[in-house]
Structures are given as C-alpha cells and as structure tokens.
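The basis for the numbers below is simple: all heavy atoms, side chains too, and nothing from hydrogens, waters or symmetry mates. Sequential numbering from 1 along the given sequence is applied to the chain's residues.
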Amino acid sequence: MQTWYLRTTYVTGDPAKLDGVLEALRSEAPGLLTQNPGYHRFGLFADREIGKILMGSWWESESARAESDTRLRERRLELLAPFADTVTADDWEAVSYTPAPKVTPGMWMRAGYVEFDPADAAAYAKSFEEGGRPQLEALDGAVSATLFLNAAEGRAHVGAMFRDKATLIASRGPQSAIRGASLKKLNARLRSLEEFELIMAHRPQA
C-alpha cells in the first residue's frame with residue numbers, strides 16, 4: 001500500500017463564525033492545492049456545535065508536503081482568521097487506508113488520537129492493517145477507515161467514515177469494542193475521540 005504524506009490542521013473558534021470560513025475554504029482550497037506538485041486529495045470536516053474545523057491534505061512525498069506548506073501557509077491563515085482562535089498543524093503518514101472510498105459531503109467521521117511507545121509503531125500499523133481496518137470497514141454504514149501515523153513521536157490518528165450521522169451514532173458501541181481490544185493488545189493510550197461532519201472532499205484524479 002502506497003504511503004501518502006499528510007498535513008492536518010485543527011482549528012477552534014466561535015461556532016457563530018464557522019459557516020463563513022467553511023464557505024471560503026470550499027471555494028478557494030481546491031484551486032490553491034492543485035497548483036502544487038504532488039497534491040493528491042483534500043478533506044474538510046467540521047463540528048458546527050462546538051466550533052471546530054479539521055482539514056487534511058494528502059501529498060505524494062515529504063518534500064511536496066513541506067514545499068506546499070511554505071507556499072500555502074500564509075493564505076491558509078488568512079482564510080481561517082475570521083474564525084480561528086487556535087490553529088494546530090500536524091504531519092502524518094497515511095500507512096493504511098480504504099482504497100478510493102466514495103465519499104460525499106454529509107458523511108460523518110469519528111477520529112481517535114492515540115499514543116504509544118515509538119518502538120511499537122510498526123506493530124501498531126500492522127495490527128491496524130490486519131485487524132483494525134477490516135473490522136472498522138465491516139461496521140454497518142462504514143465508508144472508509146484510515147491510519148495516520150507519526151512513528152517517531154509514537155502518535156496515531158485513526159479515522160472511520162460513515163455514510164450519515166445515524167450510522168455514525170449506531171457505530172459508537174461496536175467501534176468502542178474494537179478500539180478497546182486493539183489498544184489493550186498494544187498497550188496504547190487513547191488521548192481524544194471526536195466526531196466531524198464531512199463538508200468537502202476534493203480528489204483531482206477522480
């Protein structure tokens with residue numbers, strides 16, 4: 001499975017200011033991203049109730065990710081400024097994922113952030129590829145499952161996408177059981193669990 005290089009941006013602010021910024025990102029982000037070599041795809045997610053944005057761009061190499069960040073950082077912050085009170089960016093590698101999932105706005109994603117001993121990174125990735133991802137993909141309403149990994153820091157971002165909010169809600173118990181068994185086996189620690197609506201997915205190759 002090809003490794004893709006991710007940049008995620010996690011933004012919080014006043015929920016009343018969220019929609020205008022989402023519209024600006026929907027309008028401008030695809031054009032900005034496609035101007036950069038190595039761009040693969042982009043996802044924009046939001047929690048409208050609390051006031052959170054999560055967005056992620058996929059790149060074919062570490063250098064493409066870094067160079068695009070240098071070019072896009074200033075404009076990204078300008079677009080986020082009317083909403084953003086906090087902005088956190090992270091770099092990841094997508095090491096296990098559902099190939100070419102059919103995603104559309106209105107789907108929902110559950111994201112879990114996990115920590116583990118960096119020495120266990122390879123074992124964690126193998127466990128997700130062989131057990132975690134197939135189990136998540138088999139849940140009712142599941143559309144995709146993805147593991148973003150920062151092996152050097154011993155961190156992971158696990159995303160599971162569902163076709164609508166109803167199936168996301170119904171999956172909470174079954175996915176919790178999968179998560180609990182996996183983390184106990186690897187002595188990993190869940191740091192946070194969040195749910196987001198998919199606002200936009202852009203994939204120029206599609």
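- Between the side chains of Glu137 and Thr98, at least one donor N or O sits under 3.5 Å from an acceptor N or O.
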(message) side chain to side chain contact (heavy atoms under 4.5 Å, CB included), that's the test. Do Arg48 and Asp19 meet it? Break it down for me.
(response) CA-CA 8 Å; Arg48 298 176 186 273; Asp19 284 340; 2.4 Å; yes

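- How far CE of Met107 is from OG of Ser144: 8.5 Å, rounded to the nearest 0.5 Å.
- Every residue meeting the side-chain contact (heavy atoms from CB on, under 4.5 Å) condition with Trp108, not counting sequence neighbours, appears here in chain and number order: Lys165, Leu168, Glu197.
- Of all the heavy atoms in Ala188 and Tyr124, the pair that sits closest is CB-CE1, 4.4 Å.
- Trp58 and Val95 are assigned to two separate hydrophobic clusters, defined by single-linkage of ILVMFWY side chains at heavy-atom distances under 4.5 Å.
- Met161 is not connected to Leu193 by any chain of hydrophobic side-chain contacts under 4.5 Å among Ile, Leu, Val, Met, Phe, Trp and Tyr, and they are in different clusters.
- Counting heavy atoms from C-beta outward, Leu18 and Ile53 have side chains that approach closer than 4.5 Å.
- Comment: Glu115 does not engage Arg155 in a salt bridge, judged by the lack of any side-chain N to carboxylate O separation of less than 4.0 angstrom.
- Considering all non-hydrogen atoms of both residues, Pro204 and His40 come closest at CD-O, 3.3 Å.
- Looking at His157 and Tyr10, their side chains never bring a donor and an acceptor atom within 3.5 Å of each other.
- No side-chain donor-acceptor contact under 3.5 Å links Asn187 to the backbone of Leu183.
- Ser57 is linked by a side-chain contact (heavy atoms from CB on, under 4.5 Å) to Arg7, Leu33, Phe42, Trp59, counting only residues two or more places apart in sequence or in another chain.
- In this structure the side chain of Asp91 never reaches within 4.5 angstrom of the side chain of Glu62, judged on heavy atoms.
- Put simply, the side chain of Asp140 does not reach to within 4.5 Å of the side chain of Ser171, judged on heavy atoms.
- Side-chain contact between Ile199 and Pro105: absent, with no pair of heavy atoms (C-beta onward) separated by less than 4.5 Å.
- Here Phe196 contributes atom CZ and Leu54 contributes atom CG; the two are 5.0 Å apart, rounded to the nearest 0.5 Å.
- Between the side chain of Ser176 and the main chain of Arg172, no donor-acceptor pair closer than 3.5 Å is present.
- Under the 4.5 Å side-chain heavy-atom criterion for ILVMFWY residues, no single connected hydrophobic cluster contains both Met1 and Leu147.
- Looking at heavy atoms from C-beta onward, Leu72 lies in side-chain contact with Asn36 at the 4.5 angstrom threshold.
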(request) Under the side chain to side chain contact (heavy atoms under 4.5 Å, CB included) rule, what do Val158 and Leu136 come out as? Steps first, then yes or no, please. (result) CA-CA 10 Å; Val158 177; Leu136 292 175; 4.3 Å; yes

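- Interatomic distance, OG of Ser182 versus CD of Gln175, reported as 11.0 Å (0.5 Å rounding).
- No donor-acceptor pair closer than 3.5 Å links the side chain of Arg26 to the backbone N or O of Met200.
- Two residues are said to be in side-chain contact when any heavy atoms from C-beta on lie closer than 4.5 Å; Leu25 and Met55 meet this criterion.
- Of all heavy-atom pairs between Phe116 and Ala121, the closest is CE1-CA, 3.6 Å.
- Here Tyr113 contributes atom OH and Leu190 contributes atom CG; the two are 11.0 Å apart, rounded to the nearest 0.5 Å.
- The environment of CD in Glu49 is sparse: at most 12 heavy-atom neighbours from other residues, nucleotides or ligands sit within 6.0 Å.
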(message) Checking Arg203 against Tyr39 for the side chain to side chain contact (heavy atoms under 4.5 Å, CB included) test, could you report, in this order, the C-alpha distance in whole Å, the side-chain angles of both residues, the deciding distance, and whether it holds?
(response) CA-CA 9 Å; Arg203 188 170 186 171; Tyr39 167 62; over 6 Å; no

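- Side-chain atoms of Ser68 come within 3.5 Å of backbone atoms of Arg65 as a donor-acceptor pair (strictly under, hydrogens ignored).
- Cluster membership check: Val21 shares its hydrophobic cluster with Leu44, using side-chain heavy-atom separations under 4.5 Å among Ile, Leu, Val, Met, Phe, Trp and Tyr.
- Between the Asn150 side chain and the Glu153 main chain, a donor and an acceptor come within less than 3.5 Å of each other.
- Remark: side-chain polar atoms of Asp47 are paired, donor with acceptor, to backbone N or O of Ile50 under 3.5 angstrom.
- Between Leu198 and Phe45 the shortest heavy-atom distance is CD1-CE2, 3.5 Å.
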(request) List the steps and the verdict of side chain to side chain contact (heavy atoms under 4.5 Å, CB included) for Leu32 and Leu79. (result) CA-CA 12 Å; Leu32 290 171; Leu79 289 168; 4.2 Å; yes

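- Atom CD of Gln135 sits about 8.5 Å away from atom CG of Leu139, to the nearest 0.5 Å.
- The shortest side-chain heavy-atom distance between Tyr5 and Glu60 does not fall under the 4.5 Å cut-off.
- Aromatic ring pairs are classed by plane angle as parallel below 30°, tilted from 30° to 60° and perpendicular above 60°; the pair Phe148 and Trp92 is tilted.
- Under a 3.5 Å cut-off, the side chain of Glu129 and the backbone N or O of Ala125 do not form any donor-acceptor pair.
- Considering only heavy atoms from C-beta on, Arg76 comes within 4.5 Å of Thr9 through its side chain.
- Here OG1 of Thr167 is found 7.0 Å from CZ of Phe162. Values are rounded to the nearest 0.5 Å.
- Side chain of Ser27 to backbone of Ala24: no donor-acceptor contact under 3.5 angstrom is found.
- Checking Met109, Arg110, Lys52 one by one against Glu195, the side chain to side chain contact (heavy atoms under 4.5 Å, CB included) holds for a single residue, Arg110.
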